[in-house]
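Naming convention: chains lettered A, B, ... in sequence-line order (proteins, then strands); numbering from 1 in each chain.
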Protein chains: 2
Amino acid sequence: MAARRARTTHTRDTTINDIAKAAGVSKATVSRVINGVPTVNEQIAQRVRDVIDELGYTPSQTARSLSLGVSRTVGVLVPDLGNPMFHQVLNGFNRAAARDGYHVVVTDSFEDADREAALAKDLRDRTDAVALFAPRMTRENLLALLPKVAPVAVFNRTTGKNAGSVLIDYHEGILLLARHLIDLGHRRIAFLSGPAYARSNWERERGLAEMREAVPDVEIIDVACGHSFEDGYNAWPAVREMAATAVIAFNDVVALGLLGRLAEEGVSAPAQLSVAGFDDIPFSRYSSPSLTTVTSRLSEIGTRIWEVLRAEMTDTPIREPIMFSPELAARGSTKEIR
Amino acid sequence: MAARRARTTHTRDTTINDIAKAAGVSKATVSRVINGVPTVNEQIAQRVRDVIDELGYTPSQTARSLSLGVSRTVGVLVPDLGNPMFHQVLNGFNRAAARDGYHVVVTDSFEDADREAALAKDLRDRTDAVALFAPRMTRENLLALLPKVAPVAVFNRTTGKNAGSVLIDYHEGILLLARHLIDLGHRRIAFLSGPAYARSNWERERGLAEMREAVPDVEIIDVACGHSFEDGYNAWPAVREMAATAVIAFNDVVALGLLGRLAEEGVSAPAQLSVAGFDDIPFSRYSSPSLTTVTSRLSEIGTRIWEVLRAEMTDTPIREPIMFSPELAARGSTKEIR
DNA sequence: CTGAAAGCGCTAACAC
DNA sequence: GTGTTAGCGCTTTCAG
């Protein structure tokens with residue numbers, strides 16, 4: 001006698017077996033109908049479809065994935081779903097993936113570098129591939145993780161060709177901004193730095209360091225800040241204290257936070273203080289004053305990430321890092337020094 | 001002789017079988033070790049763990065889910081990941097779910113009402129339950145979908161007790177805003193309406209209609225607008241034309257777009273025009289002027305949605321709609337009429 | 001305490 | 001054209 005069922009609770013209401021039974025065919029036939037295999041008698045196919053409708057059956061994607069070995073789903077791990085910058089990228093990624101018939105599921109790591117590896121693996125264990133957006137973990141951890149979650153593409157971190165990668169050239173971007181401000185006559189510039197663990201911050205710092213060397217008569221002062229509105233808002237006292245005439249914020253979100261504070265304090269921007277951001281999120285175009293920032297084609301970047309990930313899924317990965325150079329978007333928040 | 005394998009490509013690199021073989025035990029034992037069943041000889045358990053580490057094995061969540069019948073994962077369908085309002089809610093939801101040991105995957109419907117049902121079903125077919133955030137589909141379609149994706153909880157749409165639901169009281173919120181403006185002396189108010197398919201818009205319209213009856217001497221004029229920055233930005237000509245002294249935007253994003261335009265046009269807010277939003281997204285606190293809006297405890301709402309969904313997964317669902325009343329956040333963008 | 005084997009729901013040989 | 005059956009990778013009963 002066969003052993004009893006291994007579990008007590010049924011998961012699914014109706015399964016392919018129920019359909020088969022109800023339609024008086026085998027489950028192979030039901031499967032064929034579902035998957036549109038053309039060699040099925042139209043009469044029977046119709047009957048099966050009717051039964052499916054009637055019973056409101058949808059195939060278990062889990063079972064399907066297990067059997068097929070693929071799910072046509074990819075995962076994206078994002079450090080902060082609250083940052084509009086990632087949306088733009090995600091949007092491009094999503095659309096490109098959808099065009100290729102893939103679903104995308106995203107999970108937020110809430111900037112918690114320690115949870116990233118586990119989240120990525122879990123994500124990968126239920127999808128065909130993962131894209132890591134701006135992972136916060138150390139390089140060492142990242143390199144260790146990569147092989148475990150392959151196929152994998154990473155955005156905004158270098159991978160030493162252990163995975164496909166697409167990056168924004170932050171180094172170039174910050175230089176654009178610094179030159180812009182210097183050209184406007186500023187000689188004392190504050191940099192509201194971002195999280196120490198972010199590559200996007202290191203690269204900016206590196207650019208600034210070069211600038212200091214190249215133009216010794218301008219002072220570029222680091223102010224530890226962060227990545228959020230609040231961080232920008234709270235940075236004001238430090239900025240005032242150092243009597244800078246211009247500030248480069250870690251990103252637009254921070255810049256907007258500072259701008260809000262300035263308005264409250266009655267400090268007029270850009271008349272009394274020029275402010276620049278980074279990323280060109282949608283809000284910055286419409287802020288008051290509109291925000292000078294550097295802009296990348298975020299949505300296109302998302303598309304490229306998808307392409308890179310897609311390539312990782314084949315046997316011809318694109319391992320050469322793809323670098324996007326930002327452009328200066330000079331707007332109302334920066335101005336010549338009188 | 002047994003039939004050949006049904007497929008040609010292997011999916012997984014290492015499976016539980018490989019571990020079992022390498023450790024010289026049965027896969028049942030490996031499974032026990034993985035799941036921390038205490039009745040395993042510590043010696044053996046350790047050996048298995050070593051092998052797992054060495055081979056870098058992680059169990060297939062797909063297979064696990066299929067076997068277990070549950071995945072401890074829930075899906076969230078969001079109409080627009082670009083709207084910061086949803087983030088706040090998502091954030092609360094995520095944290096609450098994580099506390100209960102659940103993963104959450106989110107997918108964006110890009111405001112496409114027609115794709116929602118399919119996306120929701122697909123999501124549901126790979127998770128244990130789904131939360132529908134502000135679905136855009138018709139009520140009829142929603143009611144038809146609900147049973148197909150149960151357990152399900154819905155945010156910001158009524159479900160006629162066919163599913164758990166939590167809602168923001170938009171009707172009350174808009175009244176708060178209208179009264180605020182009327183108290184400030186405004187008698188000609190423009191309402192930048194949102195998408196016709198959104199309940200959040202109907203409810204606002206309903207409140208406004210009541211207001212018109214109650215206070216006949218004030219004019220509240222509808223201006224078809226939308227839900228995005230651009231929509232707000234582009235609404236200016238229409239608003240100017242009707243010579244309103246105050247405007248209530250569909251939401252903060254729209255209000256911020258309008259504010260940006262006003263700055264460009266040299267129209268000072270609130271001196272020449274009072275502007276109010278809805279939702280209290282983080283940006284609105286720091287805009288210039290800071291935005292008058294109505295605020296709900298978005299993150300707490302997320303938590304409640306989780307609780308409702310959790311209850312749906314048990315046999316004691318919470319079908320009574322949970323209504324959150326917003327509060328007025330009067331800030332700089334609205335002002336007494338001179 | 002451990003192993004053998006059935007079964008989760010589906011797909012795809014293979015045989016008829 | 002359709003049914004039978006093995007197998008995807010895991011969990012869990014049941015026997016030993």
Side-chain angles (χ1 to χ4, degrees), chain A residues 1-21 23-48 52 55 57-72 122 124-126 128, chain B residues 1-21 23-48 52 55 57-72 122 124-126 128:
Chain A
M1 191 192 83
R4 258 204 269 97
R5 284 203 55 236
R7 85 199 33 65
T8 48
T9 47
H10 260 298
T11 323
R12 303 214 109 223
D13 23 329
T14 51
T15 75
I16 197 171
N17 277 310
D18 301 323
I19 303 299
K21 213 154 295 171
V25 298
S26 74
K27 46 185 204 166
T29 297
V30 177
S31 178
R32 292 189 184 102
V33 172
I34 291 171
N35 296 296
V37 174
T39 68
V40 181
N41 178 308
E42 182 48 36
Q43 298 258 322
I44 298 189
Q46 193 51 52
R47 177 147 40 94
V48 171
I52 288 178
L55 273 56
Y57 164 77
T58 39
S60 156
Q61 293 304 314
T62 303
R64 190 157 202 280
S65 299
L66 181 59
S67 183
L68 284 175
V70 299
S71 61
R72 288 191 88 78
D122 188 273
R124 177 62 182 83
D125 281 330
R126 50 181 102 243
D128 298 345
Chain B
M1 194 191 83
R4 259 205 268 94
R5 288 201 53 236
R7 82 197 38 64
T8 49
T9 47
H10 260 300
T11 322
R12 304 215 109 221
D13 24 327
T14 50
T15 74
I16 197 171
N17 276 311
D18 301 324
I19 303 298
K21 213 156 296 171
V25 297
S26 74
K27 47 186 202 164
T29 297
V30 177
S31 178
R32 292 190 183 102
V33 172
I34 291 171
N35 295 295
V37 175
T39 68
V40 182
N41 179 308
E42 183 49 37
Q43 298 257 321
I44 299 188
Q46 193 51 53
R47 178 148 40 94
V48 170
I52 288 178
L55 274 56
Y57 163 77
T58 38
S60 156
Q61 292 305 313
T62 304
R64 190 156 203 281
S65 299
L66 181 58
S67 185
L68 249 26
V70 300
S71 60
R72 288 191 87 77
D122 187 273
R124 177 62 182 82
D125 280 329
R126 49 183 103 243
D128 298 345

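With contacts defined as side-chain heavy-atom distances shorter than 4.5 Å, the pair B:Glu42/B:Gln46 qualifies. Taking 4.5 Å as the limit, some side-chain heavy atom of A:Asn35 sits within range of a side-chain heavy atom of A:Arg64. Two residues are said to be in side-chain contact when any heavy atoms from C-beta on lie closer than 4.5 Å; B:Val33 and B:Val30 fail this criterion. A 4.5 Å side-chain heavy-atom check between B:Tyr57 and B:Ile34 finds at least one atom pair inside the cut-off. Side-chain contact between A:Leu66 and A:Thr62 is absent, with no heavy atoms from C-beta onward closer than 4.5 Å.
Residue A:Thr29 places none of its side-chain N or O atoms closer than 4.0 Å to OP1 or OP2 of D:dT2. Look at B:Ser67 and you won't find any side-chain N or O under 4.0 angstrom from OP1 or OP2 of C:dC8. Remark: B:Ser26 is in phosphate contact with C:dG3, judged by side-chain N or O atoms under 4.0 Å from OP1 or OP2.
Counting non-hydrogen atoms under 4.0 angstrom, B:Ser31 reaches a base of the nucleic acid. As judged by a 4.0 angstrom heavy-atom cut-off over every strand, A:Val30 is placed among residues making no nucleic acid contact.
Within residues 32-42 of chain A, the residues approaching DNA chain D are A:Arg32, A:Thr39, A:Val40, A:Asn41, by heavy-atom distance under 4.0 Å.
The distance between atom CD1 of B:Ile16 and atom P of D:dG9, rounded to the nearest whole Å, is 11 Å. Regarding A:Arg126, its CZ atom lies at a distance of 21 Å from the P atom of D:dC8, rounded to whole Å. Rounding to whole angstrom units, CG of residue B:Asn17 and P of C:dA5 are separated by 14 Å. If you take NZ of A:Lys27 and P of D:dG7, they are 14 Å apart, rounded to a whole angstrom. In this structure, CG of A:Leu68 is placed 14 Å from C1' of C:dA13, rounded to the nearest angstrom. One atom, CD1 of A:Ile19, and another, P of C:dT11, lie 12 Å apart when rounded to the nearest Å. Atom CZ of A:Arg47 and atom C1' of D:dG1 are 13 Å apart (whole Å). Counting to the nearest Å, the C1' atom of C:dC8 and the CG atom of B:Leu66 are 4 Å from each other.
In this structure, B:Ala20 and B:Ser26 approach most closely via the heavy-atom pair CB-C, 3.8 Å. Residue B:Arg72 comes nearest to B:Asp128 through the heavy atom pair N-OD2, 2.6 Å, listed as atom of the first residue, atom of the second, then distance. Of all heavy-atom pairs spanning B:Ser71 and B:Arg126, the tightest one is OG-O, 4.0 Å.
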Problem set entry | B:Arg124 vs A:Thr58, side-chain contact (heavy atoms from CB on, under 4.5 Å): CA-CA, chis, key distance, verdict | CA-CA 10 Å; B:Arg124 177 62 182 82; A:Thr58 39; over 6 Å; no
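For B:Ala63, counting side-chain heavy atoms from C-beta on, the closest listed nucleotide (D:dG3, D:dC10, D:dT12) is D:dC10.
A rotation axis mapping the C1' atoms of four pairs onto the next four is fitted at both ends of the helix from C:dC1-D:dG16 to C:dC16-D:dG1 over five pairs, and the angle between these axes is 50° to 10 degrees.
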